[in-house]
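Heads up, the thing below is written out as structure tokens.
Residue indices begin at 1 and follow the sequence shown.
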Amino acid sequence: MGWETLWKYQTVDYVRTAAVLKNTDLHIRMRSSLRGNRIRIEFANTYGNEPLTFESVIVSNGTDKSTVLHQKRSRITINPGERFFSDAIESDIEPGDEVWIHLYIKDENRINAFASTWASKSWSVEYEQGAVEEIFPLMREEKVKPSILFGISQVQVQSKEEVQYLYMFGDSITHMSFYTDPVQEWISRNAKGKYSLINAGICGNRVLRDGIYGDRFWGKGREMGGAGIRRAGADIRERDHIAVAVVLEGINDILQPYQENKQEEVVTPVELCKGLADIVNDLKRKSGRVYLGTITPFQKDGMTYAAQCEELRLECNRWIRSQNVSDGVIDFDRVIRNPECPAQISPELSMPDGVHPNAAGGRKMADEMIKVCLQGVVSSEKV
């Protein structure tokens, strides 16, 4: 009960300027799984080097529009390193409702950190001034263009319900949201305003080490975040009731040392499995139940290091399926692998890179997660 999180994603630090914005309008859509009668927005400039200013912010529940204020002022400036909540706004929100936020930037702002989603179902962003790849040139090579949001770290509603959270921790497969968005949709329909989802995925994130350094990356690897063994659960509030946490990580520990020719960072199965166990144990101190996901296939034609990586993946998955550290296992590998070539994702479920599931693959992963973790629990309103 009280202020509960409707939306929260990881803000990623790209270190250098990714966009310069002036006279720009952003239209943000978020789908709520909660019920409440007031709303507030947390603004943040965690990684900024200069102030970030919104000339105006408007929030709407689809019926009523309200100007967002901070200390009764409509022009909102967030200084470097600063984080604060807006004044509360009266607004009736029901599960399944869409919350709209309009941001207007008048003066020049340099953006070097933002949250993003590729699925763009539970939330999305449109820029009136052009396509996202025109505004953020680093996204031009992306086959699927993401929605990008900056300056906002979470949105909360004041609820009378005892809200519980699903905490989804991982790398790009979680971050891109093709499997978490269908879960969000499911709880919006079935949980009667009593559950919300926190996406804690970061593209490129590893279990054991910080983001891998590389000149070819926009942020030199810093955008891949700190090691999972340190960051898992760090963003959970003391009062948050985490009913279910899901850990799906390890693919970058396996692949990146070969991709970036850093043999000194190649991991062993024992090291990686211990790291996963450490994450599970850390989250158990903050969560009701913690589930571990099997590492999904990633092979594609022409991968010269395929045999070494596949051997490591299979050994880790054997441990994941047999371990008793977590409260259960979600076998993501089994549901999206190609039956004719188990080292690959089924073609109809994969994005062109062979590493990431597409919307259809994400849906199958979500169905498995719901079956293992949520069915018979959420619907009966028990934990």
Side-chain angles (χ1 to χ4, degrees), residues 10 12 14 18 116-121 131-133 136-148 168 170-182 199 201-207 211-221 223-225 228 248-262 265-267 293-314 316-317 332-366:
Q10 298 292 302
V12 174
Y14 284 83
S116 53
T117 176
W118 282 254
S120 299
K121 295 295 184 184
V132 69
E133 65 271 23
F136 291 85
L138 78 165
M139 295 299 171
R140 284 175 182 159
E141 301 303 316
E142 295 283 336
K143 300 295 183 184
V144 177
K145 305 305 180 188
S147 289
I148 289 177
M168 315 294 275
D171 47 41
S172 55
I173 294 176
T174 301
H175 187 174
M176 295 178 82
S177 306
F178 288 112
Y179 106 85
T180 61
D181 272 5
N199 187 310
I202 296 180
C203 288
N205 197 237
R206 295 190 286 181
V207 172
I212 197 163
Y213 181 87
D215 287 333
R216 72 184 182 92
F217 305 121
W218 189 274
K220 307 293 187 183
E223 67 269 39
M224 301 176 195
L248 175 57
E249 197 160 71
I251 197 167
N252 293 308
D253 295 75
I254 296 171
L255 279 176
Q256 286 182 358
Y258 291 98
Q259 291 172 327
E260 303 306 316
N261 195 27
K262 293 184 181 292
E265 297 190 10
V266 171
V267 300
T294 51
I295 301 171
T296 52
F298 47 69
Q299 275 196 26
K300 58 182 178 180
D301 295 339
M303 185 181 282
T304 58
Y305 40 83
Q308 304 97 302
C309 291
E310 181 63 3
E311 182 180 351
L312 177 51
R313 185 183 77 90
L314 292 175
C316 288
N317 278 348
F332 293 124
D333 168 44
R334 177 181 56 80
V335 298
I336 66 169
R337 68 189 178 203
N338 184 347
E340 297 178 5
C341 183
Q344 297 180 348
I345 301 176
S346 289
E348 72 277 11
L349 304 178
S350 177
M351 294 181 71
D353 64 4
V355 176
H356 298 96
N358 59 17
R363 173 66 67 176
K364 287 185 74 72
M365 292 174 66

Could you state the interatomic distance from [atom1] ([X]) to [atom2] ([Y]), rounded to the nearest 0.5 Å?
X      : Y      : atom1 : atom2 : result
Ile173 : Met168 : CD1   : CE    : 12.0 Å
Thr117 : Asp181 : OG1   : CG    : 5.0 Å
Thr296 : Ile251 : OG1   : CD1   : 4.5 Å
Asn261 : Tyr305 : CG    : OH    : 10.5 Å
Asn252 : Cys203 : CG    : SG    : 9.0 Å
Ser350 : Lys300 : OG    : NZ    : 9.5 Å

Please check if atom [atom1] in [X] has more than 12 non-hydrogen atoms from other residues, nucleotides or ligands closer than 6.0 Å.
X      : atom1 : result
Glu340 : CD    : no
Lys121 : NZ    : no
Gln308 : CD    : yes

Under 3.5 Å donor-acceptor, [X] side chain and [Y] backbone:
X      : Y      : answer
Asp253 : Val207 : yes
Asn338 : Ala343 : no
Thr294 : Asp333 : yes
Asn317 : Ile295 : yes
Gln344 : Pro342 : no
Gln256 : Gly204 : yes
Lys145 : Met139 : yes

Assign the ring pair His175 / Trp118 to parallel, tilted or perpendicular, where the plane angle (0 to 90°) is split at 30° and 60°. perpendicular

The salt bridge (charged side-chain N to carboxylate O under 4.0 Å, His left out) partners of Lys220 (sequence neighbours excluded) come to Asp215

By salt bridge (charged side-chain N to carboxylate O under 4.0 Å, His left out), Asp353 pairs with (sequence neighbours left out) none

Do [X] and [Y] have side-chain heavy atoms sitting under 4.5 Å apart?
X      : Y      : answer
Tyr258 : Val266 : yes
Cys316 : Arg313 : no
Ser177 : Thr180 : yes
Met351 : Phe178 : yes

Carefully, step by step, assess Glu265 and Glu260 under the rule side-chain contact (heavy atoms from CB on, under 4.5 Å). CA-CA 10 Å; Glu265 297 190 10; Glu260 303 306 316; over 6 Å; no

Heavy-atom pair of closest approach, residues [X] and [Y]:
X      : Y      : answer
Gly228 : Glu249 : CA-OE1, 3.7 Å
Arg337 : Ser346 : O-OG, 3.0 Å
Val335 : Lys364 : O-CE, 3.1 Å
Ile254 : Pro257 : O-CD, 3.9 Å
Tyr179 : Ala366 : O-CB, 3.3 Å
Leu248 : Met365 : CD2-CE, 3.7 Å

